[in-house]
Protein chains: 2
Amino acid sequence: MGRLSRRPAQPDAPAGKPLALKTAAARPARPKTANRLKRIEAKRGAILDAALALFSRYGLHGTTVEQIARTAAVSKTNLFYYFASKEDVYVGVLSRLLDQWLEPLRDLQLDTDPIEGIGEYIRRKVLFSRTHPEASRLFCLEMVQGAPLLRHELETSLKQLVDAKAEVIRGWTAAGKLGPIDPYHLIFAIWATTQHYADFASQVDALLNTGLDDERFVEEVTRNVQRIILDGLRVRKDD
Amino acid sequence: MGRLSRRPAQPDAPAGKPLALKTAAARPARPKTANRLKRIEAKRGAILDAALALFSRYGLHGTTVEQIARTAAVSKTNLFYYFASKEDVYVGVLSRLLDQWLEPLRDLQLDTDPIEGIGEYIRRKVLFSRTHPEASRLFCLEMVQGAPLLRHELETSLKQLVDAKAEVIRGWTAAGKLGPIDPYHLIFAIWATTQHYADFASQVDALLNTGLDDERFVEEVTRNVQRIILDGLRVRKDD
DNA sequence: GTCTATAAATAGATAGAC
DNA sequence: GTCTATCTATTTATAGAC
């Protein structure tokens, strides 16, 4: 390919398989003290933080490297010392993102009472929307645009996890502890409703003049989502 | 401002108030036959269609004017004859979008039985996700990024409509025909769950290997969303 | 590791002929 | 209305000194 330069905007898509975060270790070898490595990771982290804030607001192509550098308080040239390209930064951000996004699902305690367990999951997802709105929005942006970079992870890590949790939900229903419901659509409904308050925050704000910044609203959202999702799932005699 | 040229990527935001679609009438006056106007509108429409497909997939900054032109089968120069700028195209697309997006809400028949009415609204929203996935996704993209161009419309047209429908839902509850629920959160839940299958189609596909292209899946989604949303809302003795 | 140029190319937009 | 040619700012990325 010779001279590397700006590539056409489109093939965002071709996207390789594993989505591996190129670590500093890939750089020309040099004796690295623990301290040195720590400083490098700190700087990389600061750049990724700045990039998340910008990518989630303006998208990949709406954000310039210059902006990321300025926000992270490093020079543009310096940024290119830590990351091979803008796309490399983007991949780095997405990589951290998926882990964060998956965390509440991993922690979903399905070995308890279903109503309690699902209620707690909803609470944690709402909390995630509150504490990581930018992560939620960038994840959303990436999904909406076809998830070119995450597709592989979705089909492996995510699918495995979701399949396992779906099985437990089926078990609850079979045991008569939960009304009959398709577990996948239930999980989608929980994701959709809880993420909505982060992803569509501008719409919520336009209509209600508030958002997850307000702690009382967080409580209100949690209560209402729990009610909507759970009240139809209790076991009733008239079924 | 003199020479017009590319503006900095960011202030996507400053965004004026009304979001008016600059019509062909704004062009230098010339005697226009009905036929002529029709051809102009047809061409503008074709460009907007192409732009919707691309903007919804790659975002505003990820799409080039060249691509829009090629997709619409016109030359780039010709496109600039019909639209003053790339942003002008974008505003044109968004303007059509909001109308489409609002349509099912307008048609929401709240003067019938609540369970039936809300069930029908869900059905129509799922159908919209099926028939207008690109519109749904671009709307989502715009919301996630802060809705700079739609903010005004959200605070006026949308708010007015939603407030009105919320009042009816409250009426149902007061009349004992519907369980007690916050109408806004109910509406958010319906939007979130139904739009999810268009906006997060790539995630749904990664997990279930299907999507709204499949008519049976459309039915499945409709049934499940209706069940999840509605089953908790019926009036029960044990309340 | 960090900085000062600067290269290379894209992409939005216009001029002006037909 | 449509096309060919072109202008120019922006932006990604690199070279090379310190």
Side-chain angles (χ1 to χ4, degrees), chain A residues 1-12 22 24 27-33 35-44 46-47 51 54-55 58-70 72-91, chain B residues 1-12 22 24 26-33 35-44 46-47 51 54-55 58-91:
Chain A
M1 208 189 286
R3 268 210 166 280
L4 264 199
S5 59
R6 284 173 73 197
R7 268 137 295 160
Q10 242 64 81
D12 271 352
K22 199 185 290 175
R27 295 255 153 217
R30 256 227 243 171
K32 301 207 170 88
T33 69
N35 219 329
R36 206 177 110 78
L37 270 173
K38 222 170 73 186
R39 284 224 331 281
I40 288 175
E41 279 314 305
K43 201 151 190 179
R44 283 181 61 95
I47 292 169
L54 291 162
F55 285 147
Y58 305 108
L60 169 56
H61 302 291
T63 303
T64 71
V65 174
E66 170 71 40
Q67 275 181 299
I68 299 171
R70 198 169 41 233
V74 302
S75 73
K76 193 171 60 162
T77 331
N78 198 221
L79 185 152
F80 278 115
Y81 176 80
Y82 288 96
F83 292 90
S85 67
K86 181 183 175 178
E87 265 208 11
D88 191 29
V89 177
Y90 191 69
V91 170
Chain B
M1 207 191 284
R3 259 193 180 292
L4 263 200
S5 57
R6 285 171 72 197
R7 266 134 299 160
Q10 243 63 84
D12 270 351
K22 200 185 288 175
R27 295 255 155 218
R30 255 227 243 173
K32 296 198 176 102
T33 68
N35 219 328
R36 205 178 113 78
L37 270 174
K38 224 170 72 187
R39 285 225 327 283
I40 289 175
E41 279 314 304
K43 202 152 188 179
R44 283 180 61 94
I47 291 170
L54 292 162
F55 285 147
Y58 305 109
L60 169 56
H61 301 293
T63 303
T64 70
V65 173
E66 171 72 40
Q67 275 181 298
I68 299 170
R70 198 167 44 233
T71 306
V74 302
S75 72
K76 191 170 66 160
T77 333
N78 198 220
L79 185 150
F80 277 115
Y81 177 79
Y82 288 97
F83 292 90
S85 68
K86 182 183 174 179
E87 265 208 10
D88 192 28
V89 178
Y90 191 70
V91 170

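Chain identifiers are assigned alphabetically (A, B, ...) following the order of the sequence lines, protein sequences preceding nucleic acid strands; residue numbering begins at 1 within each chain. Because only heavy atoms are used, hydrogens play no part in the values below, and waters and symmetry mates are left out as well, while side chains stay in.
- The nearest pair of heavy atoms linking Ala72(A) to Ala46(A) is CB-O, 3.8 Å.
- Residue Ser75(A) places its side chain closer to dC3(C) than to any other of dT14(D), dT2(D), dC3(C).
- With rounding to whole Å, Phe80(A) atom CZ is found 13 Å from dA7(C) atom C1'.
- For Tyr81(A) and dC3(C), the shortest distance from a side-chain N or O to OP1 or OP2 is not below 4.0 Å.
- A sub-4.0 Å separation between OP1 or OP2 of dT10(C) and a side-chain N or O of Lys76(B) is absent.
- Considering every non-hydrogen atom in both Asn78(B) and Lys43(B), the closest pair reads OD1-NZ, 2.9 Å.
- Between dT12(D), dT2(D), dT2(C), one nucleotide has an atom nearer to the side chain of Lys86(A) than all others, and that is dT12(D).
- As rounded to whole Å, 17 Å separates atom C1' of dC3(C) from atom CZ of Arg70(A).
- Rounded to whole Å, atom C1' of dC18(D) lies 14 Å from atom CG of Asn78(A).
- His61(B) has its NE2 atom 11 Å from the P atom of dG12(C), to the nearest Å.
- Rounded to whole angstrom, the span from the OH atom of Tyr82(A) across to the P atom of dC3(C) amounts to 10 Å.
- For Ser85(A), the side-chain atoms get nearest to dA13(D) when compared with the rest of dT14(C), dT12(D), dA13(D).
- To the nearest 0.5 Å, atom OG1 of residue Thr64(A) and atom NE2 of residue His61(B) are 10.5 Å apart.
- Whole-Å rounding puts the Glu66(B) CD to dT6(D) P distance at 17 Å.
- One distance of note links CZ of Arg44(A) with OH of Tyr81(A); it measures 11.5 Å at 0.5 Å rounding.
- Checking Thr77(B) against Arg39(B), the closest nucleotide of DNA chain D that is more toward the 5' end is the one next to Arg39(B).
- Here dA11(C) presents its C1' atom at 17 Å from OH of Tyr58(B), a figure rounded to the nearest Å.
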